[in-house]
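One structure is given below, encoded as structure tokens.
The structure presented is a predicted model; accordingly, all values stated were derived computationally and were not measured.
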Amino acid sequence: MRYTLSWMIGVILVFQMFACSVPESEPSIEVLRIGILPDEGDDELRERYVPLLEFLSRASELPCKLVIPNNYAELVRQFGEGQIDLAYFGGVTFVNARSQHGAVPLVMRDVDSNFTSVFMVADENFKDLEGLQGKRFSFGSRLSTSGHLMPRHFLHTERSIDPEKYFGSIEFSGKHDLTAYRVRDGEVDAGVANAEIVRKMFADGRLQPGDIRIIWTTPPFPDYVWAVHPRIHPVTREKIQQAFLQLSTDNPHETAILSRMGTAGFYPASVNDFSMLRQIMARGGVL
């Protein structure tokens, strides 16, 4: 009897050890829902991101669906509610999504650690920021890193300007391209936008030479990251990350995708990449 009991206990222990050693299986994903920052018009966004999503779908073997939220806050909300699996965040929206929902950073572009914003005017009478006191000014979205938070930060630290006290009026256009258009059309006297998007607008003809002038470029700062929801299995995260990392300028088709994304390649991202931004947000009361 003792021998039988000992044998049964041994079998149970071996079974438990074996069960614990079996790795957790990867849950299946029918469709990878990819949300992007709505920083330009929908047509421009689809032209930029659809080729990337087609590549990611092939490389990761996961069907992908593009999700374009109405605004920056909506991107964070949909991500938090599980309606988006993979998101392209700006710095501010990522820090919020990380703090509120545990967003896991995957990759950044090679340009994202040294991003800049540009201050724009159309009237030739405005030569620099000093000439804009009392004038109409536009930021982008309130939750935009390059269209609001960092330009506001640098106005304070580099030029000793409090926007609410300095400018005659302040508005928030919601998108970088809309800010540029409002400056061009004289609806505001000046505005600030993502430097990369402004350069692209000149390159593709949405802005013509002479439409606007850049009077100041901010110092560089970190911005933009691709991040997944924490519920996404680590194996799936690895598949997605590797798909991004394998994009190469050695392949003409992949070069075209990277060019649309404004980069020569991606590299792994870390929470630490946004530590400075998190501190600025905390001091500004926007975290």
(Q) Suppose we screen for ring pair (Phe, Tyr, Trp, His ring centres under 6.0 Å). Which residues come up paired with Phe154, at least two apart in sequence or across chains? (A) none
**Q.** Those residues that, when tested against His101, pass ring pair (Phe, Tyr, Trp, His ring centres under 6.0 Å) (two or more places apart)
**A.** none
**Q.** Sequence neighbours excluded, every pair satisfying salt bridge (charged side-chain N to carboxylate O under 4.0 Å, His left out) that has a member inside residues 56-77
**A.** Glu74-Arg77, Arg77-Glu81
Q: Enumerate the residue pairs fulfilling salt bridge (charged side-chain N to carboxylate O under 4.0 Å, His left out) with a member in residues 247-257, sequence neighbours excluded, ordered by first and then second residue.
A: none
(Q) Check for me, please, whether Met276 and Phe115 land in the same ILVMFWY cluster - side-chain distances under 4.5 Å, paths through other members count. (A) yes
**Q.** Same apolar cluster: Ile84 and Leu66, side chain cutoff 4.5 Å
**A.** yes
Considering all heavy atoms, the nearest [X]-[Y] contact:
X: Ala227; Y: Ala103; value: CB-CB, 4.3 Å
X: Met150; Y: Ile280; value: CE-CD1, 3.7 Å
X: Ser248; Y: Leu258; value: C-CD1, 3.9 Å
X: Gln246; Y: Ala59; value: NE2-CB, 3.9 Å
X: Arg48; Y: Pro51; value: O-CD, 3.9 Å
X: Ser99; Y: Arg278; value: CB-NH1, 4.1 Å

Has the side chain of [X] got a donor or acceptor atom that lies under 3.5 Å from a matching backbone atom of [Y]?
X: Asp185; Y: Glu187; answer: no
X: Asp177; Y: Gly41; answer: yes
X: Lys175; Y: Pro38; answer: yes
X: Ser60; Y: Leu56; answer: yes
X: Arg213; Y: Asp123; answer: yes
X: Asp85; Y: Arg33; answer: yes
X: Asp189; Y: Arg136; answer: yes
X: Thr218; Y: Ser117; answer: yes

**Q.** Distance under 6.0 Å and angle within 45° of ring axis: Arg109 vs Trp226
**A.** no
**Q.** Non-neighbouring partners of Asp204 that pass salt bridge (charged side-chain N to carboxylate O under 4.0 Å, His left out), sequence neighbours left out
**A.** Arg206
Using atom types as modelled, flag every donor-acceptor pair under 3.5 Å from a side chain in residues 261-272 to any protein atom, sequence neighbours excluded.
unit_1	atom_1	unit_2	atom_2	d
Thr263	OG1	Asp110	N	3.4
Thr263	OG1	Asp110	OD1	2.5
Thr263	OG1	Gly265	N	3.0
Thr263	OG1	Gly265	O	2.8
Ser270	OG	Asn272	N	3.1

Are [X] and [Y] close enough that some pair of their side-chain heavy atoms sits under 4.5 Å apart?
X: Leu52; Y: Leu247; value: yes
X: Asp273; Y: Pro222; value: no
X: Asp112; Y: Val225; value: no
X: Val50; Y: Leu45; value: no
X: Val92; Y: Asn96; value: yes
X: Ile240; Y: Val228; value: yes
X: Arg98; Y: Val95; value: no

Counterpart residues, side chain to side chain contact (heavy atoms under 4.5 Å, CB included), relative to [X] (two or more places apart):
X: Asp128; value: Glu130
X: Gln208; value: Asp211
X: Ser141; value: Tyr72, Leu143, Ser144

**Q.** Phe139 and Phe172 aromatic ring geometry - parallel, tilted or perpendicular at 30°/60° bounds
**A.** parallel
**Q.** Result of checking Glu47, Glu44, Glu40 against Lys200 for salt bridge (Lys or Arg N to Asp or Glu O under 4.0 Å)
**A.** Glu40
About how many Å separate [atom2] of [Y] and [atom1] of [X], when rounded to the nearest 0.5 Å?
X: Phe137; Y: Ile161; atom1: CZ; atom2: CD1; result: 9.0 Å
X: Thr249; Y: Ile257; atom1: OG1; atom2: CD1; result: 12.5 Å
X: Trp216; Y: Leu155; atom1: CH2; atom2: CG; result: 5.5 Å
X: Ile36; Y: Arg46; atom1: CD1; atom2: CZ; result: 8.5 Å
X: Leu129; Y: Ile215; atom1: CG; atom2: CD1; result: 4.5 Å

(Q) By the definition ring pair (Phe, Tyr, Trp, His ring centres under 6.0 Å), identify the one residue from Phe274, Phe79, Tyr224 that meets it with Phe89. (A) Phe79
Q: Start with the C-alpha gap between Leu132 and Val121, add the side-chain angles, then the distance that decides, and say whether side-chain contact (heavy atoms from CB on, under 4.5 Å) holds.
A: CA-CA 9 Å; Leu132 293 173; Val121 298; 4.2 Å; yes
(Q) Tell me whether Arg237 at atom CZ has more than 12 heavy atoms from other residues, nucleotides or ligands lying less than 6.0 Å away. (A) yes
**Q.** More than 12 heavy atoms from other groups under 6.0 Å of CD on Glu164
**A.** yes
Q | Linked hydrophobic residues, Val118 as query - side chain contacts closer than 4.5 Å | A | Met120, Leu178, Tyr181, Val183, Val188, Ile197, Val198, Met201, Phe202, Leu207, Ile212, Ile214
Q: Give the intermediate values and the outcome of side-chain contact (heavy atoms from CB on, under 4.5 Å) for residues Val104 and Ile232.
A: CA-CA 9 Å; Val104 181; Ile232 300 300; over 6 Å; no
Q.
For a side-chain contact (heavy atoms from CB on, under 4.5 Å) check, start with the C-alpha distance between Thr93 and Thr145, then their side-chain angles and the critical distance, and finish with the verdict.
A. CA-CA 8 Å; Thr93 46; Thr145 311; 5.8 Å; no
Q: Could you tell me which residues satisfy side-chain hydrogen bond (donor to acceptor under 3.5 Å, both in side chains) with His229, sequence neighbours excluded, listed by chain and number?
A: Arg231
Q: Sorted by first residue and then second, give each ring pair (Phe, Tyr, Trp, His ring centres under 6.0 Å) pair with at least one member in residues 32-67; sequence neighbours left out.
A: Tyr49-Tyr88
Q: Go through Leu62 and Thr236 one step at a time and tell me if the side-chain contact (heavy atoms from CB on, under 4.5 Å) criterion holds.
A: CA-CA 9 Å; Leu62 295 169; Thr236 304; 3.7 Å; yes
